[in-house]
Amino acid sequence: MSDPGEALANAKAAADRIVKAKRLNACLTPPKELRQSLQKQGQAAHPSGVLYGMPVAVKDNICTLEFTTTCGSKILAGYRSPYEATAVAKLKAAGALVAGKTNCDEFGMGSSTEHSAYGRALHPFDKTRVPGGSSGGSAALVAAGAVPAGLGSETGGSVRQPASFCGIVGIKPTYGRVSRYGLVAFGSSLDQIGVFGRSVHDAARVLSVISGRDPRDSTCEARDPLRLPTVPESLQGFVIGIAKEYFPPDLDPAVRRACDRAIRVLKELGAAVREVSLPHTQYAVPTYYIIAPAEASSNLARYDGARYGPRYDGALDLRTLYRTTRGEGFGPEVRRRILVGTYVLSSGYYDAYYRRAQQMRALIAQDFRNVFDRGVDLLFTPTTPTPAFKAGEKLADPVAMYLSDIFVVTANLAGLPAMSLPIGRIKGLPIGGQLIGQAFLEDEMIEAAYALERMVPGAEDA
Ligand code: GLN
(Lines give C-alpha, C1' and ligand atoms only; values in the text may rest on other atoms or scores of the structure.)
Protein backbone atom coordinates (compact mmCIF):
# COMPACT_ATOMS: atom_id res chain seq x y z
CA MET A 1 0.00 0.00 0.00
CA SER A 2 1.40 3.37 -1.02
CA ASP A 3 1.06 6.70 0.72
CA PRO A 4 -2.45 7.88 -0.22
CA GLY A 5 -1.27 11.47 -0.82
CA GLU A 6 1.32 10.40 -3.35
CA ALA A 7 -0.95 10.27 -6.37
CA LEU A 8 -2.13 13.81 -5.83
CA ALA A 9 1.45 15.07 -5.58
CA ASN A 10 2.40 13.12 -8.71
CA ALA A 11 -0.64 14.43 -10.53
CA LYS A 12 0.27 18.04 -9.81
CA ALA A 13 3.91 17.57 -10.71
CA ALA A 14 2.99 15.83 -13.97
CA ALA A 15 0.57 18.59 -14.92
CA ASP A 16 3.31 21.17 -14.29
CA ARG A 17 5.85 19.30 -16.39
CA ILE A 18 3.42 18.70 -19.26
CA VAL A 19 2.42 22.36 -19.33
CA LYS A 20 6.09 23.34 -19.20
CA ALA A 21 6.75 21.17 -22.26
CA LYS A 22 4.09 23.08 -24.20
CA ARG A 23 6.49 24.14 -26.93
CA LEU A 24 6.64 20.51 -28.09
CA ASN A 25 2.93 20.65 -29.03
CA ALA A 26 2.82 17.08 -27.76
CA CYS A 27 -0.25 17.36 -25.53
CA LEU A 28 -3.59 18.33 -27.07
CA THR A 29 -5.40 18.81 -23.74
CA PRO A 30 -5.64 22.50 -22.71
CA PRO A 31 -3.57 23.23 -19.54
CA LYS A 32 -6.49 24.22 -17.34
CA GLU A 33 -8.51 21.13 -18.17
CA LEU A 34 -5.42 18.96 -17.70
CA ARG A 35 -4.69 20.38 -14.24
CA GLN A 36 -8.29 20.05 -13.09
CA SER A 37 -8.67 16.49 -14.28
CA LEU A 38 -5.30 15.38 -12.91
CA GLN A 39 -6.13 16.88 -9.54
CA LYS A 40 -9.43 14.97 -9.46
CA GLN A 41 -7.80 11.76 -10.61
CA GLY A 42 -4.99 12.16 -8.06
CA GLN A 43 -7.55 12.36 -5.29
CA ALA A 44 -9.51 9.37 -6.53
CA ALA A 45 -6.65 7.00 -7.48
CA HIS A 46 -6.63 3.54 -5.89
CA PRO A 47 -3.69 3.38 -3.45
CA SER A 48 -3.50 -0.39 -3.70
CA GLY A 49 -2.98 -0.48 -7.48
CA VAL A 50 0.33 -1.58 -8.97
CA LEU A 51 0.60 1.67 -10.94
CA TYR A 52 -0.65 3.85 -8.11
CA GLY A 53 -0.03 7.51 -8.90
CA MET A 54 1.76 6.87 -12.22
CA PRO A 55 0.88 9.51 -14.82
CA VAL A 56 0.39 7.97 -18.26
CA ALA A 57 -0.12 10.18 -21.33
CA VAL A 58 -2.61 8.70 -23.80
CA LYS A 59 -2.60 9.00 -27.59
CA ASP A 60 -5.63 10.85 -28.84
CA ASN A 61 -7.03 7.90 -30.80
CA ILE A 62 -7.71 5.99 -27.57
CA CYS A 63 -11.08 6.79 -26.01
CA THR A 64 -11.14 8.42 -22.59
CA LEU A 65 -13.98 9.80 -20.49
CA GLU A 66 -11.78 12.53 -18.98
CA PHE A 67 -10.84 14.24 -22.24
CA THR A 68 -11.91 14.60 -25.86
CA THR A 69 -10.77 12.02 -28.42
CA THR A 70 -9.98 13.72 -31.73
CA CYS A 71 -7.50 11.31 -33.37
CA GLY A 72 -5.57 14.39 -34.46
CA SER A 73 -8.40 15.10 -36.90
CA LYS A 74 -10.59 18.09 -37.52
CA ILE A 75 -13.50 15.75 -38.21
CA LEU A 76 -13.55 14.73 -34.54
CA ALA A 77 -12.83 18.18 -33.07
CA GLY A 78 -14.45 18.35 -29.63
CA TYR A 79 -15.62 14.72 -29.76
CA ARG A 80 -16.27 13.18 -26.36
CA SER A 81 -16.48 9.42 -26.29
CA PRO A 82 -19.36 8.02 -24.23
CA TYR A 83 -17.14 5.14 -23.14
CA GLU A 84 -13.48 4.53 -22.43
CA ALA A 85 -10.99 2.09 -23.90
CA THR A 86 -10.44 -1.12 -21.93
CA ALA A 87 -6.71 -0.31 -21.77
CA VAL A 88 -7.52 3.02 -20.11
CA ALA A 89 -10.01 1.42 -17.71
CA LYS A 90 -7.36 -1.13 -16.72
CA LEU A 91 -4.78 1.62 -16.16
CA LYS A 92 -7.16 3.51 -13.91
CA ALA A 93 -8.11 0.36 -12.01
CA ALA A 94 -4.37 -0.08 -11.32
CA GLY A 95 -4.17 3.42 -9.86
CA ALA A 96 -2.59 5.19 -12.86
CA LEU A 97 -3.55 8.72 -13.91
CA VAL A 98 -4.61 9.64 -17.44
CA ALA A 99 -2.18 12.49 -18.05
CA GLY A 100 -3.78 14.17 -21.06
CA LYS A 101 -4.29 13.24 -24.69
CA THR A 102 -1.34 13.37 -27.02
CA ASN A 103 -0.82 14.69 -30.51
CA CYS A 104 -0.63 12.22 -33.37
CA ASP A 105 -0.86 11.93 -37.13
CA GLU A 106 -4.50 12.08 -38.14
CA PHE A 107 -6.09 8.68 -37.36
CA GLY A 108 -2.55 7.31 -36.95
CA MET A 109 -1.66 7.85 -40.59
CA GLY A 110 1.88 9.07 -40.75
CA SER A 111 5.39 8.65 -39.44
CA SER A 112 6.22 12.15 -38.20
CA THR A 113 3.19 13.64 -36.36
CA GLU A 114 3.19 16.29 -39.09
CA HIS A 115 -0.16 15.00 -40.40
CA SER A 116 -2.04 16.27 -37.35
CA ALA A 117 -4.83 18.78 -37.78
CA TYR A 118 -3.51 20.44 -34.61
CA GLY A 119 -0.01 21.26 -35.83
CA ARG A 120 3.13 19.16 -35.78
CA ALA A 121 4.71 17.88 -32.58
CA LEU A 122 8.39 18.71 -32.09
CA HIS A 123 11.31 16.42 -31.39
CA PRO A 124 12.21 16.89 -27.71
CA PHE A 125 15.95 17.44 -28.36
CA ASP A 126 15.89 19.26 -31.70
CA LYS A 127 12.96 21.41 -32.66
CA THR A 128 13.83 21.33 -36.36
CA ARG A 129 13.18 17.57 -36.36
CA VAL A 130 10.17 15.30 -36.02
CA PRO A 131 9.55 13.04 -32.99
CA GLY A 132 8.38 10.29 -35.35
CA GLY A 133 4.85 9.09 -35.63
CA SER A 134 2.14 8.50 -35.55
CA SER A 135 2.28 8.37 -31.72
CA GLY A 136 4.82 11.24 -31.67
CA GLY A 137 3.14 13.24 -28.92
CA SER A 138 3.28 10.43 -26.34
CA ALA A 139 6.90 9.66 -27.29
CA ALA A 140 7.97 13.32 -27.03
CA LEU A 141 6.36 13.76 -23.60
CA VAL A 142 8.00 10.63 -22.21
CA ALA A 143 11.40 11.56 -23.70
CA ALA A 144 11.13 15.09 -22.31
CA GLY A 145 10.63 13.63 -18.85
CA ALA A 146 7.10 15.02 -18.47
CA VAL A 147 5.59 11.58 -17.82
CA PRO A 148 7.22 8.22 -17.07
CA ALA A 149 5.04 6.33 -19.53
CA GLY A 150 2.56 6.75 -22.33
CA LEU A 151 0.13 4.82 -24.49
CA GLY A 152 0.41 4.85 -28.25
CA SER A 153 -1.03 2.71 -30.97
CA GLU A 154 0.53 0.73 -33.76
CA THR A 155 -0.82 -0.19 -37.14
CA GLY A 156 2.61 -0.14 -38.75
CA GLY A 157 5.31 0.90 -36.30
CA SER A 158 3.75 3.96 -34.74
CA VAL A 159 5.11 3.18 -31.28
CA ARG A 160 8.52 1.72 -32.12
CA GLN A 161 9.49 4.34 -34.71
CA PRO A 162 8.84 7.38 -32.47
CA ALA A 163 10.42 5.53 -29.51
CA SER A 164 13.53 5.09 -31.64
CA PHE A 165 13.58 8.74 -32.77
CA CYS A 166 13.07 10.04 -29.20
CA GLY A 167 15.47 7.69 -27.40
CA ILE A 168 12.97 5.82 -25.24
CA VAL A 169 11.50 2.33 -25.01
CA GLY A 170 8.43 1.43 -27.08
CA ILE A 171 6.68 -1.95 -27.07
CA LYS A 172 4.13 -3.29 -29.54
CA PRO A 173 2.58 -6.43 -28.14
CA THR A 174 1.41 -9.47 -30.08
CA TYR A 175 -1.82 -8.86 -32.00
CA GLY A 176 -4.49 -9.98 -29.56
CA ARG A 177 -2.49 -9.34 -26.39
CA VAL A 178 -4.21 -6.02 -25.58
CA SER A 179 -7.86 -5.20 -26.14
CA ARG A 180 -8.63 -2.84 -29.02
CA TYR A 181 -11.93 -1.84 -27.46
CA GLY A 182 -11.95 1.94 -27.48
CA LEU A 183 -8.98 2.23 -29.84
CA VAL A 184 -10.32 4.12 -32.86
CA ALA A 185 -9.98 1.70 -35.77
CA PHE A 186 -7.48 2.37 -38.57
CA GLY A 187 -6.45 -1.06 -39.93
CA SER A 188 -8.29 -3.52 -37.71
CA SER A 189 -6.21 -6.58 -38.60
CA LEU A 190 -3.02 -4.66 -37.70
CA ASP A 191 -4.01 -2.25 -34.89
CA GLN A 192 -2.66 -2.78 -31.37
CA ILE A 193 -2.22 -0.44 -28.43
CA GLY A 194 1.44 -0.13 -27.44
CA VAL A 195 3.37 1.47 -24.60
CA PHE A 196 6.21 3.94 -24.11
CA GLY A 197 8.50 4.14 -21.12
CA ARG A 198 11.77 5.76 -20.21
CA SER A 199 12.96 2.33 -19.11
CA VAL A 200 12.15 -1.20 -20.21
CA HIS A 201 10.63 -1.80 -16.80
CA ASP A 202 8.26 1.18 -16.93
CA ALA A 203 7.05 0.23 -20.40
CA ALA A 204 6.73 -3.44 -19.49
CA ARG A 205 4.75 -2.90 -16.32
CA VAL A 206 2.27 -0.64 -18.09
CA LEU A 207 1.93 -3.28 -20.81
CA SER A 208 1.35 -5.98 -18.23
CA VAL A 209 -1.50 -3.96 -16.69
CA ILE A 210 -3.31 -3.27 -19.98
CA SER A 211 -2.86 -6.81 -21.35
CA GLY A 212 -5.23 -9.71 -20.97
CA ARG A 213 -8.69 -10.86 -21.93
CA ASP A 214 -11.59 -8.55 -22.72
CA PRO A 215 -15.06 -9.83 -23.57
CA ARG A 216 -15.63 -6.62 -25.53
CA ASP A 217 -12.98 -7.42 -28.15
CA SER A 218 -13.26 -10.82 -29.80
CA THR A 219 -9.79 -10.45 -31.36
CA CYS A 220 -8.27 -10.10 -27.90
CA GLU A 221 -7.08 -13.51 -26.77
CA ALA A 222 -8.47 -14.99 -23.59
CA ARG A 223 -5.14 -15.08 -21.82
CA ASP A 224 -4.00 -13.88 -18.43
CA PRO A 225 -2.14 -10.58 -18.27
CA LEU A 226 1.50 -10.66 -19.28
CA ARG A 227 3.81 -11.80 -16.46
CA LEU A 228 6.91 -9.68 -16.09
CA PRO A 229 10.22 -11.52 -16.30
CA THR A 230 13.07 -10.82 -13.90
CA VAL A 231 16.22 -9.04 -15.03
CA PRO A 232 18.50 -11.85 -16.27
CA GLU A 233 22.12 -12.27 -15.26
CA SER A 234 23.05 -13.39 -18.76
CA LEU A 235 21.47 -14.30 -22.08
CA GLN A 236 22.95 -17.78 -22.07
CA GLY A 237 20.66 -20.10 -24.01
CA PHE A 238 19.13 -17.32 -26.15
CA VAL A 239 19.52 -17.59 -29.91
CA ILE A 240 19.29 -14.17 -31.56
CA GLY A 241 18.79 -13.95 -35.29
CA ILE A 242 20.30 -11.16 -37.38
CA ALA A 243 18.39 -10.89 -40.64
CA LYS A 244 20.56 -9.61 -43.48
CA GLU A 245 17.58 -7.87 -45.12
CA TYR A 246 17.51 -5.43 -42.20
CA PHE A 247 21.11 -4.34 -42.77
CA PRO A 248 21.13 -3.05 -46.36
CA PRO A 249 24.30 -1.47 -47.76
CA ASP A 250 22.74 2.01 -47.67
CA LEU A 251 21.88 1.81 -43.95
CA ASP A 252 22.97 4.97 -42.12
CA PRO A 253 26.55 4.23 -40.91
CA ALA A 254 25.85 5.47 -37.38
CA VAL A 255 22.80 3.20 -37.14
CA ARG A 256 24.95 0.30 -38.31
CA ARG A 257 27.70 1.10 -35.77
CA ALA A 258 25.16 1.26 -32.94
CA CYS A 259 23.67 -2.08 -34.03
CA ASP A 260 27.09 -3.71 -34.30
CA ARG A 261 27.89 -2.55 -30.79
CA ALA A 262 24.58 -3.95 -29.49
CA ILE A 263 25.21 -7.27 -31.24
CA ARG A 264 28.65 -7.47 -29.58
CA VAL A 265 26.96 -6.90 -26.23
CA LEU A 266 24.43 -9.66 -26.97
CA LYS A 267 27.33 -12.05 -27.59
CA GLU A 268 29.15 -10.92 -24.44
CA LEU A 269 25.97 -11.62 -22.51
CA GLY A 270 26.13 -15.22 -23.69
CA ALA A 271 23.55 -15.21 -26.47
CA ALA A 272 24.23 -17.18 -29.63
CA VAL A 273 23.99 -14.82 -32.60
CA ARG A 274 23.03 -16.32 -35.92
CA GLU A 275 22.66 -14.79 -39.37
CA VAL A 276 19.25 -15.50 -40.88
CA SER A 277 17.20 -14.45 -43.87
CA LEU A 278 13.64 -13.14 -44.14
CA PRO A 279 13.46 -13.09 -47.93
CA HIS A 280 10.11 -11.33 -48.35
CA THR A 281 11.08 -8.28 -46.28
CA GLN A 282 11.48 -6.13 -49.40
CA TYR A 283 7.74 -6.43 -50.07
CA ALA A 284 6.65 -5.39 -46.59
CA VAL A 285 6.20 -1.65 -47.22
CA PRO A 286 4.14 -2.03 -50.42
CA THR A 287 2.11 -4.82 -48.78
CA TYR A 288 1.42 -2.71 -45.71
CA TYR A 289 0.52 0.34 -47.79
CA ILE A 290 -2.15 -1.69 -49.60
CA ILE A 291 -3.67 -3.52 -46.64
CA ALA A 292 -3.67 -0.63 -44.16
CA PRO A 293 -5.38 1.86 -46.54
CA ALA A 294 -7.87 -0.83 -47.65
CA GLU A 295 -8.98 -1.39 -44.08
CA ALA A 296 -8.88 2.34 -43.36
CA SER A 297 -11.15 3.13 -46.29
CA SER A 298 -13.76 0.88 -44.71
CA ASN A 299 -13.20 1.95 -41.09
CA LEU A 300 -13.33 5.65 -41.91
CA ALA A 301 -16.64 5.38 -43.78
CA ARG A 302 -18.45 6.12 -40.51
CA TYR A 303 -17.30 9.76 -40.46
CA ASP A 304 -20.06 11.04 -42.67
CA GLY A 305 -21.60 13.94 -40.80
CA ALA A 306 -24.64 11.87 -39.84
CA ARG A 307 -23.11 9.59 -37.22
CA TYR A 308 -19.80 11.30 -36.50
CA GLY A 309 -18.32 14.57 -37.55
CA PRO A 310 -19.69 18.04 -37.83
CA ARG A 311 -22.62 18.47 -40.14
CA TYR A 312 -21.48 21.10 -42.56
CA ASP A 313 -24.24 23.51 -43.47
CA GLY A 314 -25.77 23.84 -46.85
CA ALA A 315 -26.06 20.12 -47.52
CA LEU A 316 -29.28 19.62 -49.45
CA ASP A 317 -28.98 15.89 -49.87
CA LEU A 318 -27.09 13.00 -48.34
CA ARG A 319 -24.36 12.90 -50.97
CA THR A 320 -23.55 16.56 -50.50
CA LEU A 321 -23.58 16.10 -46.74
CA TYR A 322 -21.05 13.26 -46.99
CA ARG A 323 -18.93 15.09 -49.52
CA THR A 324 -18.70 18.36 -47.61
CA THR A 325 -18.19 16.71 -44.22
CA ARG A 326 -15.46 14.41 -45.43
CA GLY A 327 -13.88 16.94 -47.78
CA GLU A 328 -13.64 19.55 -45.02
CA GLY A 329 -12.96 17.21 -42.14
CA PHE A 330 -10.16 14.97 -43.40
CA GLY A 331 -6.61 16.12 -44.07
CA PRO A 332 -4.69 15.30 -47.27
CA GLU A 333 -2.98 12.14 -46.02
CA VAL A 334 -6.24 10.61 -44.80
CA ARG A 335 -7.88 11.45 -48.12
CA ARG A 336 -4.96 9.84 -49.96
CA ARG A 337 -5.33 6.66 -47.90
CA ILE A 338 -9.09 6.49 -48.50
CA LEU A 339 -8.53 6.90 -52.23
CA VAL A 340 -5.81 4.25 -52.34
CA GLY A 341 -7.83 1.91 -50.13
CA THR A 342 -10.99 2.27 -52.18
CA TYR A 343 -9.01 1.74 -55.38
CA VAL A 344 -7.26 -1.47 -54.25
CA LEU A 345 -10.57 -2.94 -53.10
CA SER A 346 -12.56 -2.00 -56.17
CA SER A 347 -13.79 -4.54 -58.64
CA GLY A 348 -11.17 -5.28 -61.29
CA TYR A 349 -8.28 -4.18 -59.04
CA TYR A 350 -9.02 -6.29 -55.97
CA ASP A 351 -7.19 -9.32 -57.36
CA ALA A 352 -4.24 -7.34 -58.62
CA TYR A 353 -3.66 -5.46 -55.37
CA TYR A 354 -5.58 -6.47 -52.28
CA ARG A 355 -5.56 -10.23 -52.82
CA ARG A 356 -1.87 -10.23 -53.75
CA ALA A 357 -1.03 -8.13 -50.72
CA GLN A 358 -2.83 -10.64 -48.50
CA GLN A 359 -0.84 -13.46 -50.11
CA MET A 360 2.38 -11.53 -49.54
CA ARG A 361 1.38 -10.91 -45.94
CA ALA A 362 1.12 -14.67 -45.44
CA LEU A 363 4.61 -15.16 -46.94
CA ILE A 364 6.07 -12.48 -44.66
CA ALA A 365 4.54 -14.21 -41.62
CA GLN A 366 5.88 -17.54 -42.89
CA ASP A 367 9.42 -16.07 -43.14
CA PHE A 368 9.32 -15.40 -39.40
CA ARG A 369 7.89 -18.83 -38.58
CA ASN A 370 10.66 -20.48 -40.60
CA VAL A 371 13.33 -18.67 -38.62
CA PHE A 372 11.69 -19.35 -35.25
CA ASP A 373 11.16 -23.00 -36.18
CA ARG A 374 14.90 -23.33 -36.69
CA GLY A 375 15.60 -22.44 -33.08
CA VAL A 376 15.91 -18.66 -33.21
CA ASP A 377 14.24 -17.05 -30.17
CA LEU A 378 14.39 -13.40 -31.13
CA LEU A 379 15.48 -11.14 -33.95
CA PHE A 380 17.59 -8.05 -33.51
CA THR A 381 17.41 -5.25 -36.12
CA PRO A 382 17.69 -1.49 -36.36
CA THR A 383 14.29 0.12 -35.64
CA THR A 384 14.62 2.78 -38.31
CA PRO A 385 17.05 3.30 -41.20
CA THR A 386 18.04 6.78 -39.93
CA PRO A 387 17.76 8.90 -36.79
CA ALA A 388 14.92 11.48 -36.56
CA PHE A 389 14.55 13.36 -39.83
CA LYS A 390 13.94 17.07 -40.34
CA ALA A 391 10.43 18.47 -40.25
CA GLY A 392 9.15 19.03 -43.77
CA GLU A 393 11.78 16.74 -45.26
CA LYS A 394 9.40 13.98 -46.35
CA LEU A 395 6.10 15.85 -46.48
CA ALA A 396 6.07 16.39 -50.21
CA ASP A 397 7.04 12.78 -50.95
CA PRO A 398 4.63 10.26 -49.37
CA VAL A 399 6.68 7.28 -50.54
CA ALA A 400 9.81 8.60 -48.77
CA MET A 401 7.68 8.95 -45.62
CA TYR A 402 6.35 5.39 -46.03
CA LEU A 403 9.88 4.02 -46.45
CA SER A 404 10.86 5.20 -42.98
CA ASP A 405 8.63 2.33 -41.74
CA ILE A 406 10.65 -0.30 -43.60
CA PHE A 407 11.92 -2.22 -40.53
CA VAL A 408 8.80 -1.91 -38.39
CA VAL A 409 5.80 -2.87 -40.54
CA THR A 410 6.79 -6.55 -40.80
CA ALA A 411 5.95 -7.26 -37.14
CA ASN A 412 2.48 -5.74 -37.63
CA LEU A 413 1.86 -7.76 -40.78
CA ALA A 414 2.93 -10.95 -38.97
CA GLY A 415 1.16 -9.99 -35.71
CA LEU A 416 4.37 -10.47 -33.69
CA PRO A 417 5.51 -8.63 -30.56
CA ALA A 418 8.34 -6.16 -31.15
CA MET A 419 10.01 -3.35 -29.28
CA SER A 420 12.53 -0.56 -29.68
CA LEU A 421 15.11 0.50 -27.13
CA PRO A 422 17.87 3.13 -27.23
CA ILE A 423 21.23 1.73 -28.37
CA GLY A 424 23.24 4.88 -28.97
CA ARG A 425 23.27 8.39 -30.35
CA ILE A 426 24.69 10.32 -33.23
CA LYS A 427 25.22 14.05 -32.79
CA GLY A 428 22.77 13.99 -29.89
CA LEU A 429 20.07 12.17 -31.86
CA PRO A 430 18.92 8.80 -30.49
CA ILE A 431 19.23 5.51 -32.38
CA GLY A 432 16.91 2.61 -31.62
CA GLY A 433 17.46 -1.13 -31.79
CA GLN A 434 14.57 -3.48 -32.36
CA LEU A 435 13.80 -6.89 -30.89
CA ILE A 436 11.13 -8.98 -32.61
CA GLY A 437 9.77 -11.94 -30.66
CA GLN A 438 7.49 -14.93 -31.13
CA ALA A 439 3.76 -14.55 -30.73
CA PHE A 440 2.76 -14.17 -27.07
CA LEU A 441 6.35 -14.55 -25.89
CA GLU A 442 6.75 -10.89 -24.90
CA ASP A 443 8.35 -12.08 -21.67
CA GLU A 444 11.40 -13.46 -23.52
CA MET A 445 11.70 -10.30 -25.58
CA ILE A 446 11.51 -8.12 -22.46
CA GLU A 447 14.07 -10.29 -20.71
CA ALA A 448 16.57 -9.72 -23.52
CA ALA A 449 15.73 -6.00 -23.50
CA TYR A 450 16.45 -5.80 -19.76
CA ALA A 451 19.88 -7.28 -20.35
CA LEU A 452 20.62 -5.06 -23.35
CA GLU A 453 19.44 -1.93 -21.57
CA ARG A 454 21.86 -2.58 -18.71
CA MET A 455 24.88 -3.17 -20.93
CA VAL A 456 24.46 -0.97 -24.03
CA PRO A 457 25.43 2.69 -23.58
CA GLY A 458 22.15 3.96 -25.02
CA ALA A 459 22.95 7.60 -24.41
CA GLU A 460 26.50 7.47 -25.84
CA ASP A 461 27.59 8.19 -29.37
CA ALA A 462 27.87 5.21 -31.64
N1 GLN B 1 3.56 5.15 -40.69
C2 GLN B 1 2.53 4.18 -40.66
C3 GLN B 1 1.33 4.70 -41.45
O4 GLN B 1 1.36 5.83 -41.76
C5 GLN B 1 2.25 3.91 -39.24
C6 GLN B 1 0.86 3.95 -38.81
C7 GLN B 1 0.62 3.45 -37.44
O8 GLN B 1 1.32 2.56 -36.95
N9 GLN B 1 -0.42 3.97 -36.84
O10 GLN B 1 0.43 4.00 -41.77
Side-chain angles (χ1 to χ4, degrees), residues 28 58-65 67-86 88 101-110 113-119 133-135 153 155-156 158 179-193 216-219 288-350 353-354 357 398:
L28 295 176
V58 175
K59 186 178 183 179
D60 206 25
N61 63 349
I62 299 173
C63 293
T64 49
L65 296 168
F67 309 106
T68 57
T69 298
T70 71
C71 300
S73 181
K74 202 171 134 187
I75 211 161
L76 284 176
Y79 173 70
R80 256 180 204 277
S81 168
Y83 62 93
E84 65 186 358
T86 298
V88 171
K101 300 301 283 291
T102 59
N103 203 357
C104 56
D105 288 296
E106 189 174 356
F107 287 102
M109 297 174 190
T113 316
E114 292 172 288
H115 294 307
S116 164
Y118 304 100
S134 63
S135 319
S153 73
T155 304
S158 278
S179 168
R180 292 186 292 117
Y181 182 75
L183 166 66
V184 177
F186 164 7
S188 308
S189 75
L190 301 154
D191 297 342
Q192 270 294 287
I193 291 177
R216 289 179 163 135
D217 172 8
S218 59
T219 65
Y288 172 83
Y289 280 96
I290 290 171
I291 293 173
E295 296 187 11
S297 69
S298 162
N299 277 326
L300 269 58
R302 72 193 69 176
Y303 306 102
D304 56 11
R307 285 165 294 183
Y308 294 94
R311 211 174 256 255
Y312 285 101
D313 281 346
L316 299 173
D317 56 77
L318 215 49
R319 250 171 192 277
T320 328
L321 171 70
Y322 291 173
R323 203 180 301 133
T324 41
T325 299
R326 292 165 71 80
E328 301 260 333
F330 288 140
E333 183 61 25
V334 172
R335 290 206 297 269
R336 180 180 298 125
R337 303 285 178 110
I338 294 173
L339 285 174
V340 169
T342 308
Y343 179 81
V344 299
L345 288 176
S346 57
S347 130
Y349 297 100
Y350 183 96
Y353 295 103
Y354 186 70

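Computed from a predicted structure; not experimentally measured. For the single chain, residues carry numbers from 1 onward in sequence order.
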Sequence neighbours excluded, which residues qualify as side chain to side chain donor-acceptor pair (under 3.5 Å) partners of [X]?
{"X": "R323", "result": "none"}
{"X": "S153", "result": "K59, N61"}
{"X": "S218", "result": "none"}
{"X": "Y118", "result": "none"}

Heavy-atom pair of closest approach, residues [X] and [Y]:
{"X": "I62", "Y": "A85", "value": "CG2-CB, 3.6 Å"}
{"X": "A294", "Y": "V344", "value": "CB-CG2, 3.9 Å"}
{"X": "S134", "Y": "T113", "value": "O-OG1, 3.6 Å"}
{"X": "C104", "Y": "C71", "value": "SG-C, 3.9 Å"}

* To do: Return each pair, listed once, that meets side-chain hydrogen bond (donor to acceptor under 3.5 Å, both in side chains) where at least one residue sits in residues 72-85; pairs must be two or more places apart or across chains.
  => E33-R80, S73-E106, E84-K92
With the side chain counted from C-beta on, respond yes when [X] and [Y] share a heavy-atom pair under 4.5 Å apart, and no when they do not.
{"X": "S158", "Y": "S135", "answer": "yes"}
{"X": "T102", "Y": "V58", "answer": "no"}
{"X": "F107", "Y": "I75", "answer": "yes"}
{"X": "L345", "Y": "Y353", "answer": "no"}
{"X": "T70", "Y": "L28", "answer": "yes"}
{"X": "S116", "Y": "D105", "answer": "no"}

* Partner residues of S298 under the side-chain contact (heavy atoms from CB on, under 4.5 Å) criterion, sequence neighbours left out -> none
* **Steps toward side chain to side chain donor-acceptor pair (under 3.5 Å) verdict (D317, T320)** => CA-CA 6 Å; D317 56 77; T320 328; 2.8 Å; yes
Test item: [X] side-chain N/O and [Y] main-chain N/O as donor-acceptor pair under 3.5 Å:
{"X": "N103", "Y": "G72", "result": "no"}
{"X": "S297", "Y": "I338", "result": "no"}
{"X": "S188", "Y": "A185", "result": "no"}
{"X": "R335", "Y": "R326", "result": "no"}

[X] [atom1] to [Y] [atom2] distance, which is reported to the nearest 0.5 Å:
{"X": "T69", "Y": "L76", "atom1": "OG1", "atom2": "CG", "result": "8.5 Å"}
{"X": "I193", "Y": "R180", "atom1": "CD1", "atom2": "CZ", "result": "9.5 Å"}
{"X": "C63", "Y": "L183", "atom1": "SG", "atom2": "CG", "result": "8.0 Å"}
{"X": "Y343", "Y": "L339", "atom1": "OH", "atom2": "CG", "result": "11.5 Å"}

* Selection residues 336-347 - residue pairs positive for salt bridge (charged side-chain N to carboxylate O under 4.0 Å, His left out), sequence neighbours left out ->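 For residues 336-347: E333-R336, E333-R337.
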* salt bridge (charged side-chain N to carboxylate O under 4.0 Å, His left out) partners of residues 294-305, not counting sequence neighbours, each pair once ->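 Non-adjacent pairs meeting salt bridge (charged side-chain N to carboxylate O under 4.0 Å, His left out): D304-R307.
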* **Y354-Y349 aromatic ring centre distance below 6.0 Å** => no
* D60: what forms a salt bridge (charged side-chain N to carboxylate O under 4.0 Å, His left out) with it, not counting sequence neighbours? ->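 For D60, the residues satisfying salt bridge (charged side-chain N to carboxylate O under 4.0 Å, His left out) (neighbours in sequence not counted) are K101.
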* **Between T155 and D191, a side-chain donor and acceptor under 3.5 Å** => yes
* Asked: Considering residues at least two apart in sequence or located in another chain, which fulfil the ring pair (Phe, Tyr, Trp, His ring centres under 6.0 Å) criterion with F186?
  -> none
